[in-house]
Amino acid sequence: MLDLKQIRENPQQVQAKLQLRGDYDLEPLLALDRQQRELETMRSQLQARSNDIGKQVGQQIKQGADPKGSDIAALKAAGNEVKAELSDLEPKERELKAQIESILLTLPNLPSDHTPQGATEDENVEVRRWGDEHIPQRSDILPHWEIGEKLGILNFERSTRIAQSRFVTLIGAGAALERALIQFMLARHTAAGYTEVMPPFLVNTASLQASGQLPKFAEESFQCKNDDLWLTPTAEVPVTSLHRDEILADSDLPLHYCAFTPCFRREAGSYGRDTRGLIRLHQFNKVEMYKFVHPDQSATALEALLADAEGVLQALNLPYRVLELCTGDLGFSAVRTYDLEVWLPSADKYREISSCSNCGDFQGRRANIRFKTSGQKGTQFVHTLNGSGLAIGRTMAAILENYQQPNGTVQVPEVLQPYLGRAVL
RNA sequence: GGAGAGGUGGCAGAGUGGUCGAAUGCGCUCGACUUGAAAUCGAGUGUACCGAAAGGUACCGUGGGUUCGAAUCCCACCCUCUCCGCCA
């Protein structure tokens with residue numbers, strides 16, 4: 001959520017930054033804000049009068065005045081008058097506040113000054129490539145779903161029987177490889193100081209709103225309609241809400257977490273895209289990294305987060321490139337985002353495998369997560385960052401293709417062998 | 001699912017209509033005493049909004065209601081705990 005005070009004080013600046021992301025008009029919001037504050041002043045003055053009358057009644061009765069006497073009756077009448085005025089103002093103010101809130105909830109975060117300007121993903125900026133020398137030179141590499149089914153470790157067809165299309169069942173070494181990847185990544189991140197958490201995989205509406213998935217992107221999540229619960233679309237959601245409505249001490253920061261969770265996405269509107277394989281499923285596993293940091297630290301924390309995500313790909317010797325997302329491609333909550341794209345030989349291109357974002361205080365404000373600096377009064381919102389480290393299914397796809405051997409087997413990356421107990425699939 | 005109990009400040013816990021943002025204890029901060037520490041004593045210690053400030057307003061699970069006045073009474077909802085049933 002954006003800071004209403006900031007919008008009020010620098011409307012043209014905020015407007016200009018929002019314009020980089022889409023078409024937004026702040027004027028209605030500002031008008032509502034002016035009305036609301038005017039009403040608030042009036043209401044609070046009336047309230048003060050009402051409180052004063054109430055106090056007088058109490059005092060006079062205590063001092064022995066006749067509760068049915070004319071003095072008291074006059075006060076009560078005055079009180080009733082104030083109450084009538086209040087009952088007119090209160091609902092109006094409440095309504096205005098609700099309108100302001102609901103508009104604020106739909107405004108995306110402001111891009112950073114570093115973020116390249118652009119309308120679509122075509123204008124994302126490539127920052128660097130890594131591991132060109134690991135790109136397989138053969139031209140007969142099978143797509144991962146074909147080699148996976150050949151090896152009997154991926155099954156898509158039976159998964160439609162169990163669930164629907166866009167689900168996979170991992171079998172034998174496939175299931176073991178998935179588990180090994182999770183273990184490997186968590187071990188790496190915990191060694192780097194991230195605290196492992198395994199949160200609930202069902203989250204409530206407030207949690208989805210806190211991290212920015214709601215209200216705008218409801219159709220992207222699976223909902224349990226009988227309960228106020230949704231299937232988590234990413235660990236970012238439960239981990240953000242791990243500290244929702246808390247006031248931390250500045251000495252608590254930074255907090256670094258990593259979490260393995262399945263992720264559930266409806267992929268509404270992507271019919272016909274990536275219909276085969278592990279790239280776009282309704283359910284996939286992911287190891288996520290997440291940081292709550294002091295505002296002064298979030299810029300450097302993003303670079304460190306990115307390095308940690310890259311480290312996973314490097315350890316697996318998977319070729320990748322780093323993109324910085326342009327303003328038009330930035331996610332709703334993000335100030336600044338790097339995507340990691342891994343080389344997929346069958347597609348002959350790079351595909352997203354990680355997204356590392358600095359959300360500034362946007363989620364901190366939505367989730368009401370603040371910190372207090374000792375010796376200073378007042379609170380500030382924490383900055384939050386999240387990054388995949390990595391999406392497990394897409395990592396498996398990359399391995400099945402980049403490590404494919406001419407004889408139809410797949411080499412197991414060296415760092416995974418201890419976790420898997422074998423060198424070849 | 002059935003029966004019951006309960007939701008108050010960082011924590012514990014009082015408060016059943018009036019001056020209660022809220023006793024008391026613990027914790028925490030600062031100060032005194034002490035060579036230092038402990039103990040003791042003193043002062044302080046929630047958040048947000050409006051306002052240049054003085055100050056004002058709101059918040060006792062959430063939302064409504066009664067009343068001049070609600071933490072306290074009424075209604076609805078949510079959540080937590082205990083016992084029983086079911087269950088990994």
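Side-chain atoms are counted along with the backbone in the values below, which use heavy atoms only and exclude waters and symmetry mates. The shown structure was predicted, so the numbers you read here are calculated from the model rather than taken from an experiment. Labels below follow one simple rule: chain letters A, B, ... track the order of the sequence lines, proteins then strands, and each chain is numbered from 1.
For the pair A:Q36 CD and B:C49 P, the interatomic distance rounds to 12 Å; values are reported in whole Å. As rounded to whole Å, 17 Å separates atom P of B:G18 from atom CD of A:Q60. Put simply, CG on A:L86 is 16 Å from C1' on B:G65, counting in whole angstrom units. When rounded to the nearest whole Å, the span between CZ of A:R94 and P of B:A58 equals 14 Å. The CD atom of A:Q47 sits 19 Å away from the P atom of B:C49 (whole-angstrom rounding). Atom-to-atom, CG of A:L89 to P of B:G56 comes out at 20 Å; the value is rounded to the nearest Å. Distance CD (A:E81) to P (B:G69): 13 Å, rounded to an integer number of Å. Rounded to an integer number of Å, the gap from CG of A:L75 to P of B:U67 is 17 Å.
For A:D296, the CG atom counts as densely surrounded, since its 6.0 Å shell holds more than 12 non-hydrogen atoms of other residues, nucleotides or ligands.
With a 3.5 Å ceiling on both atom-pair distances, B:C87 lacks any Watson-Crick or G-U wobble partner. Base-pair partner of B:A39: not found among the strands shown (Watson-Crick or G-U wobble, both distances under 3.5 Å). B:G55 and B:C50 make up a base pair, with Watson-Crick or G-U wobble contacts both under 3.5 Å. The partner of B:C11 is B:G25, by the rule that a Watson-Crick or G-U pair needs both atom distances under 3.5 Å. When both distances must be under 3.5 Å, the Watson-Crick or G-U wobble mate of B:C33 does not exist. When Watson-Crick and G-U wobble pairs are counted only if both distances are under 3.5 Å, B:U62 pairs with B:A76. Remark: B:A3 base-pairs with B:U82. Criterion, Watson-Crick or G-U wobble with two distances under 3.5 Å. Judged by Watson-Crick or G-U wobble contacts below 3.5 Å, the nucleotide B:G17 has no partner.
To the nearest whole angstrom, the two P atoms, one in B:G61 and one in B:A70, are 15 Å apart. As rounded to the nearest Å, B:C11 and B:G17 have C1' atoms that lie 29 Å from one another. The separation of B:G64 from B:A53, taken at their C1' atoms, amounts to 37 Å, rounded to a whole angstrom. A gap of 27 Å separates the P atoms of B:U8 and B:U66, to the nearest Å. Rounded to whole Å, the P atom of B:C28 lies 29 Å from the corresponding atom of B:G21. Rounded to whole Å, the separation between the P atoms of B:C26 and B:G13 comes to 15 Å. Taking atom P on both nucleotides, B:G55 is separated from B:A22 by 16 Å, rounded to a whole Å. Separation of the C1' atoms belonging to B:G9 and B:A58 is 16 Å when rounded to the nearest angstrom.
The nucleotide whose nearest atom lies closest to any side-chain atom of A:R37 is, among B:G51, B:C49, B:G18, B:G51. Picking from B:C68, B:U19, B:C50 the nucleotide with the shortest atom distance to the side chain of A:R8 gives B:C50. For A:K5, taking side-chain heavy atoms from C-beta onward, the closest of the listed nucleotides B:G56, B:C50, B:U67 is B:C50. In this structure, the nucleotide among B:U19, B:A48, B:C68 sitting nearest to the side chain of A:R370 is B:A48.
When the nearest nucleotides of RNA chain B are assigned to A:I61 and A:T41 by heavy-atom distance, the more 5′-ward of the two goes with A:I61. Between A:N80 and A:K97, it is A:K97 whose nearest contact on RNA chain B lies nearer the 5' terminus.
Taking 4.0 angstrom as the limit, A:Q45 places none of its side-chain polar atoms (N or O) nearer than this to OP1 or OP2 of B:U57. For B:A48, one of the phosphate oxygens OP1 or OP2 lies less than 4.0 angstrom from a side-chain nitrogen or oxygen of A:T379. The shortest distance between the side-chain N/O atoms of A:R43 and the OP1/OP2 oxygens of B:G56 is not below 4.0 Å. An OP1 or OP2 oxygen of B:A48 is reached within less than 4.0 angstrom by no side-chain nitrogen or oxygen of A:R365. Proximity of A:N51 to the phosphate of B:U19: no side-chain N or O atom is located under 4.0 Å from OP1 or OP2. Residue A:R49 places none of its side-chain N or O atoms closer than 4.0 Å to OP1 or OP2 of B:G69. Here A:K55 does not reach the OP1 or OP2 of B:U19: none of its side-chain N or O atoms lies under 4.0 Å away.
Residue A:I72 is out of contact with every strand shown, counting any heavy-atom pair closer than 4.0 Å.
Residues A:S357 and A:N386 bring no donor and acceptor atom of their side chains to less than 3.5 Å of each other.
Side-chain atoms of A:T115 do not come within 3.5 Å of backbone N or O of A:T327 as any donor-acceptor pair.
A:F371 and A:H294 have tilted rings, their planes meeting at an angle from 30° to 60° on a 0 to 90° scale.
We find the CG-CG distance between A:L46 and A:L89 to be 6.0 Å, quoted to the nearest 0.5 Å.
A distance of 6.0 Å or more separates the ring centres of A:F284 and A:F264. Checked against a 6.0 Å centroid threshold, the rings of A:H282 and A:F222 count as neighbours.
Annotation: side chain of A:T261 is not in contact with side chain of A:M198 (no heavy-atom distance under 4.5 Å).
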